[in-house]
Amino acid sequence: MASFNTSNRGTFGSRFGFIAAAAGSAIGLGNIWRFPYVTGENGGGAFLLIYLFFILVIGIPVMLSELVIGRKTLQNPFGAFKTLKPNQPWFLIGVMGILAAFFILAFYGAVGGWTMEYLFQSVQNGFAGKTPEQLGESWDNFQSGTWRPVMWQLIFMIVTMYIVLSGVEKGIEKYARILMPLLLVIIIIISIRSITLPGAGKGLAFLFKPDFSKIFARGETLTVNYKIILEALGQAFFSLSIGMGTLITYGSYMKKSSKLGSSALIVSLTDTFIAILAGVAIFPAVFAFGIAPGEGQDLVFKALPNIFLQMKGGYIFALLFFMLLTVAALTSSISVLEVVVATFIEQFKLSRKKATLIAGSLISVLGVLCVLSWSDYAIKFGEELHFFGLLEIIATKFFLPLGGLAIVAFLGWFHKKNSTLEELSNNGTIRVWFFKIYLFIIRYLAPIAISALFVKIIIDLF
Ligand code: TRP
């Protein structure tokens, strides 16, 4: 097993290995569960456009910045900032990242558990013969239960911990490189079936025809719904796995000869392609089977089984799909846990085993509170907001964008330009044609855009 002190840390075996692992981290429930549901809640096409804008203009530069910091320092996020700026509070980015990891994995584990339940149901052919209404009811019964969703969440967390225990090359890389391409193929097949359903056109129009009235309201003056814009930014960060140091950590396992620019581009574009594909698979079915696009966190679980029932060989496709989705969720969840574990190992000198057990158990407990959000034991804050939703909002809308803001501001303003260029160009061996644009984004565009959004939202609160 790879050991993880700074002199002899694990590394990815190959360039493809890194890309597969980073794409494995990025592609997960964020694409297939979260992207469709937040797009559905926020009006469809217009939201998609803003999301794409954030991926291209802010997301990719943030990802690149994380890789630069990780590969330069060969450290976890906390240690990286301690090394780059000792005696300055930049390490707090690492602290916020740990907190974000706890919150994200807590609710992620809940959804990972739901996925496993649906894998189990597909094995048993549990969707067969049910109408869309019956499928919806059986979902609601499952989700609002207690022991069953908790059991699956715990199983999901145990598997996540087991993989993280076995280290980078043997654990993370091995699973990612075989199964991710297969997932892509299955989603393409499902999308094809979905767009050929009767009434599918409405779903495609919802996803691709931007209706800006959701975002800009023309009254006497033009008002903008900044909450939707923040939601798009948060989803872009969540889907790319950026803003909490996951890619600092993965960057620290990268070979010095790997190209950071093209790696970030490939990972981001693949991730975005899969999110859109998930939308293409889900929205036609949502409209064809009379499900509300703003249904919320259960949207895909209610929509997808209907498609499988309409497919030749649906039993096999459902089985394969939920199996691969479980794996995709695991290659993401391990990347969240890995940030905490790498930090605990390097900062507190714990063994990998101890670090994994401690971090994993604490997060699992927090996760149980998330799972119970639909049950009789739900912790609620007012009518609408439950514990799951609260952690999801804090992490995706605040911690990730603020972490991203701090990371780009750091590289843009508090780190030598030449040192960044050195890392991006692998010590001058490759040409970094995009350096000027990149610098403009991390110095001005991204920091100003993100801060302006927060300032506006804070002003609106009062
Ligand atoms: N991006 C993953 C997904 O789409 C989730 C994830 C993994 C993540 N690591 C992360 C999100 C780090 C934010 C930060 O499912």
Side-chain angles (χ1 to χ4, degrees), residues 19-20 22-60 62-63 104 108 111-112 115 176 179-192 194-195 203-204 206-210 228-243 246-247 264-286 293-297 299-301 303-304 307 321 324-325 327-329 331-333 335 392 396-397 400-401 404:
I19 290 182
S25 166
I27 299 160
L29 298 168
N31 307 61
I32 289 154
W33 157 72
R34 199 167 192 277
F35 172 76
Y37 110 69
V38 293
T39 304
E41 280 185 340
N42 292 290
F47 179 87
L48 173 64
L49 273 186
I50 300 173
Y51 169 79
L52 290 177
F53 174 81
F54 282 140
I55 294 272
L56 290 176
V57 177
I58 297 185
I60 296 175
V62 172
M63 180 181 285
I104 289 174
Y108 209 85
V111 186
T115 310
L179 294 163
M180 287 301 101
L182 198 56
L183 178 67
L184 183 61
V185 175
I186 296 287
I187 302 178
I188 292 176
I189 297 172
I190 297 171
S191 309
I192 294 173
S194 190
I195 56 181
L204 291 177
F206 178 80
L207 181 61
F208 292 120
K209 255 177 115 182
I228 293 189
I229 297 181
L230 181 61
E231 185 75 76
L233 181 69
Q235 174 57 21
F237 275 55
F238 183 80
S239 193
L240 293 178
S241 299
I242 56 179
T246 295
L247 288 151
L265 194 66
I266 293 171
V267 171
S268 308
L269 294 183
T270 314
D271 182 70
T272 308
F273 178 63
I274 294 198
I276 295 175
L277 215 52
V280 171
I282 281 144
F283 286 111
V286 162
E295 173 76 33
Q297 279 105 343
L299 183 72
V300 284
F301 293 97
L304 281 170
I307 312 179
F321 174 80
L324 292 167
L325 186 56
V327 174
T331 56
S332 301
S333 62
S335 77
E392 195 185 359
T396 60
K397 291 199 194 165
L400 297 181

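Counting begins at 1 with the first residue of the sequence.
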Exercise. Between the side chains of Ser335 and Thr246, is a donor N or O closer than 3.5 angstrom to an acceptor N or O?
Worked result: no
Exercise. Does the side chain of Phe208 come within less than 4.5 Å of Val280's, by heavy atoms?
Worked result: yes
For this session: For residues Ile190 and Ala281, report the shortest heavy-atom separation together with the two atoms involved.
Result: CG2-CB, 4.1 Å
Exercise. Which atom pair, heavy atoms only, marks the closest approach of Leu400 to Phe237?
Worked result: O-CD2, 3.4 Å
For this session: Taking atom CZ of Phe53 as the centre, report whether more than 12 heavy atoms of other residues, nucleotides or ligands fall under 6.0 Å from it.
Result: no
Exercise. Atom CD1 in Ile274, atom CD1 in Ile27: separation rounded to 0.5 Å?
Worked result: 4.0 Å
For this session: Enter the distance from Leu277:CG to Leu184:CG here, rounded to the nearest 0.5 Å.
Result: 6.5 Å
For this session: Calculate, to the nearest 0.5 Å, the distance between atoms CD1 and CG belonging to Ile55 and Leu240 respectively.
Result: 4.0 Å
Exercise. Under 3.5 Å, is there a donor-acceptor pair between the side chain of Trp33 and the main chain of Gln297?
Worked result: yes
For this session: Show your working on side-chain contact (heavy atoms from CB on, under 4.5 Å) between Phe54 and Leu49 and close with a plain yes or no.
Result: CA-CA 9 Å; Phe54 282 140; Leu49 273 186; over 6 Å; no
For this session: State, yes or no, whether a side-chain contact exists between Ile189 and Phe321 at a heavy-atom distance under 4.5 Å.
Result: no
Exercise. Testing Ile242, Leu233, Val62 for side chain to side chain contact (heavy atoms under 4.5 Å, CB included) with Pro401, which one passes?
Worked result: Leu233
Exercise. Are the side chain of Asn31 and the backbone of Ser239 linked by a donor-acceptor contact shorter than 3.5 Å?
Worked result: no
For this session: Without swapping roles, check the side chain of Ser332 against the backbone of Ala26 for a donor-acceptor pair under 3.5 Å.
Result: no
Problem set entry | Heavy-atom closest pair, residues Lys397 and Leu230 | O-CD1, 3.7 Å
For this session: Working to the nearest 0.5 Å, report the span between CD1 of Ile282 and OG of Ser194.
Result: 8.0 Å
Exercise. With a 4.5 Å limit on heavy-atom distance, are the side chains of Phe283 and Leu204 in contact?
Worked result: no
For this session: Identify whether the distance between the nearest side-chain nitrogen and carboxylate oxygen of Arg34 and Glu41 falls below 4.0 Å.
Result: no
Seminar exercise, completed: Interatomic distance, OG1@Thr39 vs CD@Gln235, rounded to 0.5 Å, equals 6.5 Å
Seminar exercise, completed: Tightest non-hydrogen contact, residues Gly24 and Thr331, listed as O-OG1, 2.9 Å
Exercise. With no hydrogens and no angle check, is any side-chain donor or acceptor of Asn42 less than 3.5 Å from a backbone partner on Val38?
Worked result: yes
Problem set entry | Sole residue of Ile187, Ile186, Val111, Thr115 in side chain to side chain contact (heavy atoms under 4.5 Å, CB included) with Leu325 | Thr115
Exercise. What is the minimum heavy-atom distance between Ala275 and Tyr51, and which atoms define it?
Worked result: CB-OH, 4.1 Å
Problem set entry | Interatomic spacing from CD1 in Ile188 to CG in Leu183 - rounded to 0.5 Å | 10.0 Å
Problem set entry | Shortest non-hydrogen contact from Ala329 toward Tyr108 | O-CE2, 3.5 Å
